[in-house]
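Okay, structure first, notes after.
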Amino acid sequence: MEKAALKEHRRHSTADKPFSYYISNISEYFPNVPLHWHKEFELNVILEGKGDFVTGDKHFTAYKGDIVLTPPDMLHAVYQHDDKRCVYDTLDLDGSMLGSRDNDRAADAFIAPLISGAYSIETHITPEHCYYSELLTTAENMISAAKGDTPLLDMLIKSELLRFMFLLYESGSISRNGFVKKSSLMRPAIEYINEHFTKPLTIDQLAGVVHLSKSYFMGAFKRETGVGAMEYIAQLRLKLARELLRDTDKSVADIAFECGYHNLSNFNRQFRSAGGCSPKEYRSRCTDSDQTVQND
């Protein structure tokens with residue numbers, strides 16, 4: 001199975017601009033970012049509230065002021081915590097920003113192993129970290145420079161990113177003795193789901209993909225991802241539905257069918273349960289929001 005099946009479609013970086021910035025808002029209207037992966041590092045700084053994060057085999061709640069750093073190619077996700085809002089800056093950074101294409105001794109000894117996954121990295125950085133203040137300042141400098149979005153400020157992002165990684169190495173937050181777990185027992189099943197989530201899927205099918213019994217599969221999937229397999233399928237379907245409601249003029253019934261729902265009432269019920277409003281109300285709010293931005 002092609003690994004690209006699970007790769008996020010958002011283009012985070014290009015050759016001339018090897019990073020991207022955006023602000024994320026986990027709320028009742030957008031309750032999760034389902035499991036995905038991409039080739040860039042992802043740096044998150046929590047601005048408001050709290051959210052439940054999954055990075056590889058780590059599951060934790062991140063609070064205002066926390067930093068989350070996800071290495072390339074690692075499965076990660078964000079979920080709403082206790083129906084609370086979570087707003088955070090996101091900066092995706094290609095390895096070239098660290099000089100991954102260089103062949104000097106620092107790149108060989110520290111950068112290449114970090115990008116390849118040969119070294120494990122502490123993904124959740126809290127105020128208890130010995131270099132927390134310096135790391136937060138460095139992260140905020142990178143985000144501010146990314147917002148400025150000029151070639152000159154790209155130099156600042158590079159220099160601050162190197163400092164950020166240096167501080168992690170100095171504090172022991174990057175381990176040379178471990179190997180970061182980028183794949184898992186469930187990864188083939190997750191990839192299969194991401195290819196086929198708009199079609200009918202059963203636990204028996206998914207357990208067969210990873211050659212496990214149905215009961216063992218259900219427990220293992222939840223332990224590794226933080227959610228049940230059917231809940232994960234629903235997250236992907238509803239995420240696609242929100243995108244289609246926001247970006248197309250297709251009818252609610254057509255969108256429901258395209259996302260894998262063959263019962264409109266069930267689709268409406270799941271959509272309202274996950275987001276607190278009906279599909280029509282969600283589309284209306286997106287339209288009102290777009291008009292507000294245009295008027296501003």
Side-chain angles (χ1 to χ4, degrees), residues 1-9 26 28 30-38 51-62 70-71 73-83 117 120 123-124 178-244 253 255-276 279:
M1 180 166 304
E2 290 294 326
K3 184 179 174 184
L6 190 58
K7 189 170 184 179
E8 188 181 30
H9 297 301
I26 302 296
E28 59 180 331
F30 191 82
N32 59 69
V33 178
L35 282 168
H36 64 286
W37 66 270
H38 43 73
D52 292 330
F53 283 71
V54 177
T55 55
D57 57 359
K58 301 290 190 298
H59 303 246
F60 54 87
T61 300
T70 306
D73 197 33
M74 178 177 279
L75 285 168
H76 56 289
V78 189
Y79 302 106
Q80 193 175 17
H81 181 88
D82 293 340
D83 297 326
S120 62
T123 56
H124 185 201
F179 187 89
V180 61
K181 188 177 181 182
K182 292 185 178 178
S183 61
S184 72
L185 180 64
M186 291 297 107
R187 189 156 186 154
I190 295 170
E191 291 179 341
Y192 186 86
I193 291 171
N194 276 264
E195 278 191 341
H196 301 96
F197 70 87
T198 59
K199 301 173 183 176
L201 290 173
T202 66
I203 295 296
D204 285 329
Q205 279 178 274
L206 300 175
V209 170
V210 289
H211 310 292
L212 296 173
S213 70
K214 180 178 176 180
S215 59
Y216 188 89
F217 168 80
M218 289 191 294
F221 192 98
K222 188 160 188 176
R223 283 193 300 273
E224 292 201 12
T225 67
V227 296
M230 300 313 292
E231 183 180 352
Y232 177 60
I233 293 168
Q235 288 177 358
L236 292 179
R237 288 174 175 172
L238 292 172
K239 179 176 183 289
L240 176 59
R242 288 191 294 268
E243 292 171 355
L244 293 174
I255 289 173
F257 183 80
E258 187 172 336
C259 294
Y261 292 93
H262 299 284
N263 182 304
L264 184 58
S265 295
N266 182 40
F267 170 67
N268 285 327
R269 185 170 57 254
Q270 286 201 24
F271 195 97
R272 182 180 289 277
S273 176

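Here, residue 1 is the first one in the sequence, and each next residue gets the next number. None of these values were measured; they are calculated from a predicted model.
A distance of 13.5 Å separates NE2 of His59 from CZ of Phe53, quoted to the nearest 0.5 Å. Here Glu243 contributes atom CD and Lys239 contributes atom NZ; the two are 4.0 Å apart, rounded to the nearest 0.5 Å. With rounding to the nearest 0.5 angstrom, the CD atom of Glu191 is 8.0 Å from the CG atom of Leu75. To the nearest 0.5 Å, atoms CG (Asp82) and CG (Asp52) are separated by 7.5 Å. For the atom pair CG of Leu185 and CZ of Phe221, the computed distance is 11.0 Å after rounding to the nearest 0.5 Å. Interatomic distance, OG1 of Thr123 versus CZ of Phe60, reported as 4.0 Å (0.5 Å rounding).
Annotation: side chain of Phe257 is in contact with side chain of His262 (closest heavy-atom distance under 4.5 Å). You'll find the side chain of Phe217 stays beyond 4.5 Å of the side chain of Val209, heavy atoms only. Looking only at side-chain heavy atoms (C-beta outward), His124 and Thr55 stay at 4.5 Å or farther from each other. Counting only heavy atoms from C-beta outward, the side chains of Leu244 and Cys259 approach each other to under 4.5 Å. Considering only heavy atoms from C-beta on, Glu258 stays 4.5 Å or farther from Thr198 through its side chain.
Shortest non-hydrogen contact noted between Tyr192 and Leu201 is CE2-CD2, 3.7 Å. For the residue pair Val227 and Thr225, the shortest heavy atom distance occurs at O-OG1, 2.9 Å. Across all non-hydrogen atoms, the minimal contact from Phe271 to Ala241 is CE1-CB, 4.3 Å. Across all their heavy atoms, Ile233 and Phe197 have their closest contact at CG2-O, 4.2 Å. When all heavy atoms of Met74 and Thr70 are compared, the closest pair comes out as CB-CG2, 3.9 Å. Of all non-hydrogen atoms in Ala274 and Pro31, the two that sit nearest each other are O-CG, 3.5 Å.
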**Report entry** Audit row: Tyr261, Leu238, side-chain contact (heavy atoms from CB on, under 4.5 Å) steps and yes/no
**Finding:** CA-CA 10 Å; Tyr261 292 93; Leu238 292 172; 3.7 Å; yes
Query - Verdict with reasoning, Met186 to Val210, per side-chain contact (heavy atoms from CB on, under 4.5 Å) - result: CA-CA 7 Å; Met186 291 297 107; Val210 289; 4.3 Å; yes
Query raised in the report: Taking it one step at a time, do Arg272 and Asn268 satisfy side-chain contact (heavy atoms from CB on, under 4.5 Å)?
Result: CA-CA 6 Å; Arg272 182 180 289 277; Asn268 285 327; over 6 Å; no
**Report entry** Derivation of the side-chain contact (heavy atoms from CB on, under 4.5 Å) call for Phe267 and Asn263
**Finding:** CA-CA 6 Å; Phe267 170 67; Asn263 182 304; over 6 Å; no
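Of the possible donor and acceptor atoms, none in the side chain of His38 sits under 3.5 Å from a partner among the backbone N and O of Asp73.
One side chain, Asn194 or Tyr232, offers a donor N or O that lies under 3.5 Å from an acceptor on the other.
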